[in-house]
Amino acid sequence: MNSEQSQPTIFRISPLIRLTLLSLYIALTIPLPFLSQLTGAPVPPALLWVALGFGGVVLYGALSERVILDEQGIQVTYPTWVPKIFRKGWSLPWAGVQALKPRTTGQGGLVYYFLSKSGQGYLLPARVVGFAKLVQLVEAKTGIDTKDVRPLAQPWMYLILLGFTLLLLLVDIWTIWTAQTQIH
């Protein structure tokens, strides 16, 4: 066995996806404390800032997922600072993989689940950098034909979402500026 085979292969969530989703979170939430102050809402702005910070950390933790493939199997893990109650992760030995089954999402997309010999399903992570390589390694380790396996969302979809998010951030800047001029 050569050293390349014994080293685990680690796949992380795409930086484009992380940037897009974190930016969207900021764009959707950052005006709230300013608007709370302007409107005299019952929720104080300081509490909103704390809640938004907590939500941002939770989202960042969820986007810190790692997929690790080695000679024994596949596992999805999160950094140790992410509490298990938020994201547990999973692992599945190659010998326990029975099939890779497609499932239609509620929006009409297609995702894939590893079906274990015990009948339990594990979502194939599709938002990673190097998804094609991940799928090739899965095929090599399991013998399951993966030629039709594609990620749910293509990079261009996230680029479009990022573009709209940047436009929303411009609206946020205007909203915050307007709120600040109304307060003073």
Interatomic spacing from CG in Leu35 to CD1 in Ile30 - rounded to 0.5 Å: 11.0 Å
Roughly how far, to the nearest 0.5 Å, is the CG atom of Leu92 from the CG atom of Leu124? 11.0 Å
Given side chains that start at C-beta, do those of Thr29 and Leu48 come closer than 4.5 Å, heavy atoms only? no
Salt bridge (charged side-chain N to carboxylate O under 4.0 Å, His left out): pairs with one or both residues in residues 144-171, sequence neighbours excluded: Asp145-Lys147
Nearest heavy-atom pair of [X] and [Y]: which atoms, and what distance?
X: Ser36; Y: Val43; value: OG-O, 2.5 Å
X: Ser64; Y: Trp81; value: OG-CZ2, 4.1 Å
X: Pro151; Y: Ala126; value: CB-O, 3.8 Å
X: Ile144; Y: Glu139; value: O-CG, 3.0 Å
X: Val138; Y: Thr142; value: O-OG1, 2.7 Å

Between Trp94 and Phe114, how do the two ring planes meet: parallel, tilted or perpendicular, split at 30° and 60°? perpendicular
Hydrophobic cluster of Val50, others only, ordered by chain and residue number, side-chain cut-off 4.5 Å: none
Return each pair, listed once, that meets side chain to side chain donor-acceptor pair (under 3.5 Å) where at least one residue sits in residues 109-118; pairs must be two or more places apart or across chains. Ser116-Ser118
Counting neighbours of CH2 on Trp174 that are heavy atoms of other residues, nucleotides or ligands and sit closer than 6.0 Å, is the number greater than 12? no
Tell me whether Leu115 is reachable from Val97 by hopping between hydrophobic residues (I, L, V, M, F, W, Y) whose side-chain heavy atoms are closer than 4.5 Å. no
